[in-house]
Amino acid sequence: MIPFLNLKALNERHRSDFLEAAARVFDSGWFIHGKEHDAFEREFAGFHGECHAIGVANGLDALTLVLRAWMQAGRIKEGDEVIVPANTYIASVLAITENRLKPVLVEPTPSTYNLDPGRLAEALTPRTRVILPVHLYGQAADMAAIRAFANAHDLLILEDCAQAHGAVLDGVRVGLWGDAAGFSFYPGKNLGALGDGGAILTRDGALADHLRGLRNYGSSLKYHNRWQGPNSRLDELQSAFLRIKLRCLDSDNARRREISMRYRNEIRHPTIALPRVAGDESTHVWHLFVVRVPDREAFVRHLSDSGVQTVVHYPIPPHRQECYPALHSLQLPLTEAIHREVVSLPISPVMADDEVDRVINACNAFRF
Ligand SMILES: *Cc1c(COP(=O)(O)O)cnc(C)c1O
């Protein structure tokens, strides 16, 4: 069976570096907010350009804490509206509702599955304060258009970069287009830890200072609590592992791109709709290779019988989730069709060429 994602093989490449890093942390006797953490923050910021990086416990916290900091700073308030793509992973929406802000779900562009800038005007109300674009599946959203709209209407932008580490748009990496950005280092992400982790990027020095306190009980000075904050810290071990993996993020993304290119060139089938890249190839880092097939159930069964494991990202859209009864009445036909038809093929830096061949052959052999 070709696994959807072989996390063991992915990390095996760094085995000796990881063990050495773990020994270094062990010998230091310092496990939270030490040298590895500070070095990772510096290196992660430096990878992007002129900005601040703030390590946190996970990607959901990264998004949640930025909105919370903006509320505490009086830039937004309870009940304000946040525009978010309707077909995103639930975490983007949870970050909004966790702060008692109101998510305004907008249908995506059908060709890229990303926030449709053409639909921003109809989503805008006097209470709109923030746009939360998601670089879904690894493809950068149309940030130039989103930025222009935000500037025209005095809105903040929080980028959800949890699936797009390293993607580049017009020479600038995602994460630097917004007023702040949230990243996840969940093990399966393009930059994944050996456990949970996350980070925030921002060019706003005051926001960075605020977040450095907020993630640590709201305290920048030990035992002095300026804000009410959670415990959301990135530990020394994960920081040390992430420093090692950051060094090969660009080459890993290049390998993902190579595999995606083969899939896009060689899968030829009348009912399998392949993903499209809106800009140049560097705008997409292929966290997921998502195809659309009307008869998904039969396709998934066929691939499984052919020895190819697939995953559906995602089977139920946020507005149909049990936790959001107030959103159930929304009609979002495009989003609903996407959730009915999408299925993700295996893609990862450690997939071998013959595995890629087998996935392609299995797809092309699908009888419908
Ligand atoms: C993974 C993910 C998150 C949340 O990250 P965690 O580290 O799992 O909390 C947020 N948004 C998107 C789009 C994601 O894919």
Side-chain angles (χ1 to χ4, degrees), residues 4-5 7 40 44 53-68 82-99 101 103 105-106 108 112-115 130-141 143 146 157-167 174-175 177-178 180-201 215 230-235 238-239 241-242 245 253 256 275 284-290 311-319 321 323-324 335 338-339 342 344 347-348:
F4 176 71
L5 176 62
L7 274 178
F40 174 69
F44 193 63
I54 300 101
V56 293
N58 55 67
L60 174 58
D61 280 3
L63 298 170
T64 306
L65 290 180
V66 169
L67 294 171
R68 190 149 167 196
V82 180
I83 294 176
V84 63
N87 58 316
T88 186
Y89 178 57
I90 189 94
S92 324
V93 184
L94 287 169
I96 297 167
T97 56
E98 279 295 298
N99 283 293
L101 298 161
L105 303 175
V106 172
T112 64
Y113 308 113
N114 273 329
L115 190 62
V130 180
I131 307 178
L132 201 166
V134 183
H135 308 298
L136 200 67
Y137 308 150
Q139 178 160 216
M143 293 309 296
I146 293 168
I157 298 177
L158 170 57
E159 295 176 75
D160 184 340
C161 297
Q163 301 191 357
H165 319 67
V174 300
W177 285 85
F183 289 81
S184 163
F185 307 125
Y186 181 78
K189 305 285 163 124
N190 287 34
L191 179 59
L194 304 187
D196 273 318
I200 297 157
L201 280 191
R215 69 176 171 188
N231 171 350
S232 181
R233 299 180 298 222
L234 183 64
D235 66 58
Q238 298 308 331
S239 301
F241 297 147
L242 286 165
K245 289 184 87 173
N253 284 341
R256 287 174 183 272
H284 206 323
V285 292
W286 300 99
H287 173 57
L288 298 172
F289 191 94
V290 177
V311 179
V312 171
H313 298 94
Y314 301 92
I316 305 170
H319 72 285
Q321 293 289 350
C323 64
Y324 288 131
T335 293
I338 289 169
H339 285 74
V342 288
S344 306
I347 189 164
S348 97

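Read the numbers this way: they start at 1 and go in the same order the structure lists the ligands and their atoms.
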Fill in: Under 4.0 Å to a heavy atom of Val134 - the qualifying atoms of ligand 1, by number
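Atoms satisfying the 4.0 Å criterion: 13 (C).
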Discussion item. So if I count the atoms of ligand 1 from 1 in the order they appear, which ones are less than 4.0 Å from some heavy atom of Gly59?
Written reply: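 Taking each heavy atom of Gly59 in turn, ligand 1 has 5 (O), 6 (P), 7 (O), 9 (O) under 4.0 Å.
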Tell me, which protein residue and heavy-atom name are nearest [atom], and how many Å apart are they?
atom: atom 8 (O) of ligand 1; answer: Ser184 OG, 4.0 Å
atom: atom 14 (C) of ligand 1; answer: Lys189 NZ, 3.0 Å
atom: atom 10 (C) of ligand 1; answer: Ala91 CB, 3.4 Å
atom: atom 9 (O) of ligand 1; answer: Leu60 N, 2.9 Å
atom: atom 13 (C) of ligand 1; answer: Asp160 OD2, 3.4 Å

Fill in: Heavy-atom pair with the smallest gap, counting every atom of Ile131 and Leu115
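Here Ile131 and Leu115 meet closest at CG2-CD2, 3.6 Å.
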Fill in: Tyr186, any N or O under 3.5 Å of ligand 1 N or O
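No, since none of the N or O atoms of Tyr186 sits under 3.5 Å from an N or O of ligand 1.
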Fill in: Neighbour count >12 (heavy atoms, 6.0 Å) for atom OH, Tyr137
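Atom OH in Tyr137 is packed in, count exceeds 12.
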Worksheet entry | Neighbour count above 12 (heavy atom, 6.0 Å) for Tyr186 OH |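 Atom OH in Tyr186 is not crowded, with 12 or fewer foreign heavy atoms closer than 6.0 Å.
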Discussion item. With a 6.0 Å cut-off on the ring centroids, do His313 and Phe4 count as close?
Written reply: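 Yes, the ring centres sit under 6.0 Å apart.
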Practice prompt. Give a yes or no on whether the ring-centroid distance for Phe185 and Phe241 is below 6.0 angstrom.
Written response: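 Ring centres of Phe241 and Phe185 not closer than 6.0 Å.
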Discussion item. Taking Asn190's backbone N and O only, do any of them form a donor-acceptor pair with Asn253's side chain (distance below 3.5 Å, no angle check)?
Written reply: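 No, because the side chain of Asn253 does not come within donor-acceptor range (under 3.5 Å) of the backbone of Asn190.
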